[in-house]
Visitor: 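Let me begin by handing over the structure; questions about it come next.
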Amino acid sequence: MATVTLKDVRKSYGAVNIIQGVDLAIKDREFVVFVGPSGCGKSTLLRMIAGLEEITSGDLMIDGAVVNDVPPDARGLAMVFQSYALYPHMSVADNMAFALRLAGVPKAERDAKVGSAAKILQLEKLLDRKPGQLSGGQRQRVAIGRAIVRQPKVFLFDEPLSNLDASLRVQMRIEIARLHSELNATMIYVTHDQIEAMTMADRIVVLRAGKIEQVGSPLELYHYPANTFVAGFIGSPKMNLTQATVRGSHAGGVDVQLPGGGVATIPVEPRNATAGAACTVGFRPETLAMAPEGPMGGKVAVVEHLGGETLVYVDVGDGHLVTVKASGSTSAKIGDVVRLAIDTVEARLFDAEGQAMEPMNRRAIAGLATAAQ
Amino acid sequence: MKTKQRDKIIMTFLGWGVAFLVFFPILWMAITSFKSEIDAITPSLFFHPTLESYTTVNERVNYFGAVINSVVESVGATMVCLAFAVPAAYAMAFYPGRKTKDLLMWMMSTKMMPAVGVLVPIYVIFQQLGLLDTWTGIIAMFTMMNLPIVVWMLYSFFREVPKEILEASRMDGATPMQQMRLLLLPLSLPGVMSTALLSIILCWNEAFWSINLTSVKAAPLTQLIVSFSSPEGLFWSKLSAASLLAIAPILVFGWLTQRQLVRGLTFGAVK
Ligand SMILES: Nc1ncnc2c1ncn2[C@@H]1O[C@H](COP(=O)(O)OP(=O)(O)OP(=O)(O)O)[C@@H](O)[C@H]1O
Ligand SMILES: [Mg+2]
């Protein structure tokens, strides 16, 4: 059992507030990912949980007990650093056994634990090497091994894969996900890569400027972003966020005027949508299609052939590009004038402040049930 | 190609020239020490070499006693100094406060004051505490004298150690003492070694305090040179012999450790 609870946790350096009141309840064995742009405070928040950074105010609880003033090693956590932070003058085996050695664990037991961790991570042949003699991926595995050996209640990862090349990153991503299910431990993982977040997380916490923007399962965030920031951050290619104007609202939703003159009805609760108000419409690239009757129109500016699919960038006026995901065999060419049809059920409407208006018929989404508990 | 070769020759000559200029006084001193007192007054290079001065020096003073004093005092002071400086530099490098930089500057600034300015108060304090002419007194004095530069040097070496490594060890349960002993010192060993060597050399060569605070029992080699410089007028040859005897151990020491010294002092830059 290991739950981590944050209650109005804050951090300031002098007068600068870096973390501005974070409330979060992480469940036992959950894989939670913190994402957000650079400088938003992800690392700071993680380091506060680790005990490496003081908590200015608020409570941090592990398994229900407040641990604000408990030193890092007594919190039962292990951390994997972006720079690996291996002890350069010690062998791989000594690196992994260091915590046990400090804790006075007898040598035989240490060796056994290091051996089994090395086996999980396929490091058996490297145990006598120094970190300087390892590749990036191997160092990363040693860093993870050092965490595993301690059998912590919670694993903390701070961008552990960002120093690896793309293919190794994919491989390690899978390995960490496998470890999560094997070790049955709670994991908190920091990244600025939304693909890592989408693929690994049970729940994603989107941070911006020291505040939580939204917490939810990957698909919940993908389909029902709470605001334009989350909408633009989650998903690749990005969700199109198009400026539009409210024409009016009725029982069926809100009518918006799109660039290119067409009007579409987005089925959301109108809330404070008054005619003439500015708003933002969000379309996922896969919910748009090139069709002669579509309400939006423009000129094809860029075509990216990815093989199985094609990304078509359509200039809908003023240089605003809308991304459309088309089939790999699309005949669209640069300069074509096209109309775009919209799947309005999948479109999202945001008010002038960028907050989402509640969709009328939220679908049940796999993974949403656990997140809603 | 031609000019390159010529440049190289010029540089070589320049290098040797500078080295000779720096080395000349020591060379001259060595030559003088083998002259008789009569020959020593003339700058002649032709003379009958004699060990006369060395025998006199040996008869007049206890050379090995002074060597032992110098070794105990410089090594002892360096060890005490490190015992204070390592934790201080660790704290400053890894837990800096808003005033850490100012503190470092202030420590250095104490070295800018002429030592003679505090001679009287220190002398009186030493007298009252019975520290005059004792190992304890000189070690305490040398420790205080070198503390700023040793802290400063260690601070800059420690800053080269990535702080995540110490953070990782904190997560692993290392106490500050363990962090220093198991990680910081091994990781910055070249730097720590060269700091220690420099401290030993500075202590060895120190003259002001050792002359003023010691007389016989705790007198190091620098005091020994002084005893040949005044009483009955200058005796160049004996003075040279005494000086050479005083600097010989540290010259050998410096020569043996020069590789280590240079490596340590350029440790940060090269990495
Ligand atoms: N010691 C400090 N003093 C003042 N400000 C700091 C300090 N440490 C971090 N900050 C600030 O806190 C903010 C959050 O930093 P943090 O390292 O948590 O960002 P991050 O989300 O991890 O970014 P990245 O993705 O680049 O790693 C940054 O704006 C940073 O400038
Ligand atoms: Mg970070």
Side-chain angles (χ1 to χ4, degrees), chain A residues 13-15 43 46-54 70-90 94-105 110 130-132 139 142-152 154-160 163, chain B residues 82 86-87 89-103 154-196 260 263-264 266-271:
Chain A
Y13 289 110
S43 298
L46 194 74
R47 291 163 52 81
M48 285 159 82
I49 296 174
L52 295 173
E53 210 81 63
E54 254 176 64
V70 176
D73 59 299
R75 294 187 183 189
L77 316 173
M79 180 148 166
V80 177
F81 293 79
Q82 174 174 1
S83 57
Y84 317 133
L86 299 176
Y87 311 129
H89 58 307
M90 297 184 197
D94 289 344
N95 260 280
M96 292 181 21
F98 190 65
L100 302 177
R101 189 177 130 204
L102 294 179
V105 174
R110 269 176 0 218
K130 293 270 168 67
R139 280 179 216 182
V142 176
I144 295 173
R146 191 170 62 178
I148 290 178
V149 165
R150 295 182 46 206
Q151 297 176 318
V154 182
F155 283 86
L156 308 175
F157 295 91
D158 190 358
E159 307 209 23
N163 289 343
Chain B
L82 284 178
V86 168
Y90 161 78
M92 288 188 199
F94 296 100
Y95 301 94
R98 240 171 300 161
K99 294 262 180 256
T100 299
K101 282 262 150 73
D102 297 345
L103 188 64
L154 289 179
Y155 169 79
S156 54
F157 289 126
F158 287 175
R159 296 242 307 184
E160 300 287 325
V161 175
K163 85 180 195 317
E164 287 83 13
I165 289 182
L166 292 195
E167 286 175 349
S169 79
R170 278 170 70 199
M171 301 287 304
D172 276 349
T175 62
M177 280 308 277
Q178 288 169 325
Q179 289 171 41
M180 283 183 259
R181 192 166 51 86
L182 301 174
L183 298 167
L184 207 47
L185 290 181
L187 287 177
S188 48
L189 195 61
V192 175
M193 290 288 283
S194 64
T195 308
Q260 175 62 49
R263 190 157 75 100
T266 54
F267 170 58
V270 174
K271 216 173 54 170

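The sequence lines fix the lettering, A, B, ..., with proteins before strands; numbering per chain opens at 1. The structure presented is a predicted model; accordingly, all values stated were derived computationally and were not measured.
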Visitor: Has A:Y87 got a side-chain atom pairing as donor or acceptor with B:S169's backbone, closer than 3.5 angstrom?
Guide: yes
Visitor: Which atom names give the shortest non-hydrogen contact between B:L182 and A:H89, and what distance separates them?
Guide: O-NE2, 2.8 Å
Visitor: Apply the test side chain to side chain contact (heavy atoms under 4.5 Å, CB included) to residues B:R170 and A:L52: give CA-CA distance (whole Å), side-chain angles for both, the deciding distance (0.1 Å), then the verdict.
Guide: CA-CA 8 Å; B:R170 278 170 70 199; A:L52 295 173; 3.8 Å; yes
Visitor: Check whether A:L77 gets within reach of chain B through its side chain, its backbone, both or neither, counting any heavy atom under 4.5 Å.
Guide: both
Visitor: A:R75 versus chain B, heavy atoms under 4.5 Å apart: side chain, backbone, both or neither?
Guide: neither
Visitor: Could you list which of residues 171-179 of chain B have a heavy atom closer than 4.5 Å to any heavy atom of chain A, in residue-number order?
Guide: B:M171, B:D172, B:G173, B:A174, B:Q178
Visitor: What part of A:A103 lies closer than 4.5 angstrom to a heavy atom of chain B: side chain, backbone, both or neither?
Guide: neither
Visitor: Tell me the closest heavy-atom pair linking B:A168 and A:A85, and the distance in Å.
Guide: CB-O, 3.8 Å
Visitor: Is the shortest side-chain heavy-atom distance between A:M79 and B:E167 below 4.5 Å?
Guide: no
